[in-house]
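In what follows, a structure is listed as C-alpha cells, so that the remarks can point back to it.
Letters A, B, ... are given to chains in the order of the sequence lines, protein chains preceding strands, and every chain is numbered from 1. These numbers come from a predicted model, not from an experiment.
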Number of protein chains: 2
Amino acid sequence: MTLNTETEQKIIASAEKLFYQKGKAGCSMQDIADDAGINRTLLNYYYRSKDQLFEAVFRQAMGSFVPNLAAMLKSDMPFQDYVQDLVETVIDTMLESPQIPIFVLQELSSNPARMPQIMKEMGVDPSLAIEKMTEEGRVPEAMGMDPRQVILNLMSLCIFPFAARAVVSEVLYDGDQEVFLEAMEERKKLIPQIVKQIMK
Amino acid sequence: MTLNTETEQKIIASAEKLFYQKGKAGCSMQDIADDAGINRTLLNYYYRSKDQLFEAVFRQAMGSFVPNLAAMLKSDMPFQDYVQDLVETVIDTMLESPQIPIFVLQELSSNPARMPQIMKEMGVDPSLAIEKMTEEGRVPEAMGMDPRQVILNLMSLCIFPFAARAVVSEVLYDGDQEVFLEAMEERKKLIPQIVKQIMK
DNA sequence: GTCTATATTGTGATAGAC
DNA sequence: GTCTATCACAATATAGAC
C-alpha cells in the first residue's frame, strides 16, 4: 500500500484526519477535498467511491494496532516479558494517533459483523489464541483470574484513557492537555507495576 | 422529561437505537421514522429539528452515568467503600445499554468543547473534585499512584470492555455473547478485588 | 491527471389540508 | 396530531473537455 502521487498522499492524510474526527457519515467528500486543497472529483478518480476511501483509511487504522495484539496472542514467550513492551508500544501508538481507538471502536460497534473477517485477514485466529492463552503457565494465574480477564484488564488500562480523552482530561485534569499527556507517559511504568502487583 | 404521547415514546426509542448504533450523522430522520413506524414529519412536529432530537437522546445518555461519576467525586466517604457499589452500578448500566459508552465517547471526541458546559450543567465542578480527591486520605495512596490514576484505572476496567465489545467478544470469547456477558458479570467481583490488591 | 458541467438521489424542514 | 406536497439544498458519482 504505497501511495504514489503527491495528490494521493494529500487525500489519504485529509481523509484520515476527517474520518477520525467526524466518522464516515460525519464528513463529506467535499470536506475532504477542501482539506486536501484539491478538486472533489479527484477523490473519485483515485478511490472510486467514498466507501472505498473509507475502507483504505479504516484498514490502515486497524493495521496500526492489530499486529501488536496478534503478536501477544500468538507468542510462546511468558506473559510478563511482554507486558512492559506491549504497554509501551500500545501507549505510544495512542499518543501518536489519539483518535484511532474511538474511530475503530465506533466503526466496529456499528458493524460488528466485520470483526471475524478482519481477524482472519490480519492473521489472528481467535480460538487458537484462546487455546494458547489458557495453556498452563502461558498467562500466569493472577488471583484466580481467567487469563482472558488479565488480557482484557491490560488492554482496558492502556486504551480507555485515550478513547475517553475528552472526558478524562476535562474531569480529572481540568482540561489541561499537557498534564493529561504527562499522565499518559506515567502510565507506561504504572501499568506494568499494577500487573506485577496483581500477579503476586 | 416525561414523554407524554405514545408517538413521542416511539420516536425516542427509535432515535436512541439508531443514534447509538450509527451516530448522529449515520442515520437520517427517515430511518428513525421508519423504525418507529410513523410519518417522517412527525419528528419535526415533536422535536423541531434533528439537532434537537439528537440533543434529547444525548442528554439522556449522559444522565445515565454522569451522576454516578459525580457522586463518587463529590462524596466525603472513604474511597474503598465506594468501589464495590460503583463498579456494580457502572457495569449494570453498561449491561442495560451496552452502546452508551461508545456513543457518548464518539460525540464528545468529535466535539470536545461540549464537555465543560455539560459538566457544569450536571453539577460537577472538575477542579473542586480534583481538590477533594487529592486531600489526604480521600483516595488512598496505592503504590505511590496519583489519585487520579486510581480513578482512571477503575473507570477503564469498568467501561472499556463494553466500548470494545465487538473486538473483545470476537477475539477473546470467540464471538460467544453469552460467555462475554458472564465474563462481565464476573468483573463485578473481580475489579474490586484488583483495587484492593493494589491498595495493599 | 485535472478540471467543468451535470445527473440523480437523499436530506432536513415547512406549509397547509384534514 | 397526522398526513401530503413541496422547497431548497447537499450529497455522491460520472461524462467529457482539456
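- When all heavy atoms are compared, the tightest approach of A:T93 to A:S64 is CG2-O, 3.7 Å.
- Backbone-only engagement by B:T7 is indicated by non-hydrogen atom pairs under 4.0 Å involving sugar-phosphate atoms exclusively.
- Using a 4.0 Å heavy-atom criterion, one finds that B:T41 contacts the bases of the nucleic acid, with or without backbone contacts as well.
- Checking B:F19, B:F65, B:F54, B:F162 one by one against B:F103, the ring-ring contact (aromatic ring centres under 6.0 Å, His included) holds for a single residue, B:F54.
- No donor-acceptor contact under 3.5 angstrom links the side chains of B:N153 and B:Q149, judged on distance only.
- At whole-Å resolution of the value, NZ in B:K50 and P in C:dG12 are 4 Å apart.
- The heavy-atom pair separating B:P112 from A:A166 by the smallest distance is CB-CB, 4.2 Å.
- Within the structure, every side-chain polar atom (N or O) of B:N44 is placed at least 4.0 Å from both OP1 and OP2 of C:dG12.
- C:dT9 atom P lies 18 Å from atom CG of B:D31, rounded to whole Å.
- Here the range on DNA chain D touched by chain A, meaning any atom under 4.0 Å from one of its heavy atoms, is D:dA11 to D:dT14.
- Atom CG in B:D34 sits about 12 Å away from atom P in C:dG10, given to the nearest Å.
- B:N39 has its CG atom 13 Å from the C1' atom of C:dA13, to the nearest Å.
- A:R40 comes within 4.0 angstrom of a base, heavy atoms only.
- Between the side chains of B:R165 and B:Q99, no donor N or O sits under 3.5 Å from an acceptor N or O.
- At a cut-off of 3.5 Å, with distance as the only test, a side-chain donor of A:D31 or A:S28 sits close to an acceptor on the other residue.
- Of the residues near DNA chain C, A:Y46 and B:S49, the one whose nearest nucleotide (by heavy atom distance) lies more toward the 5' end is A:Y46.
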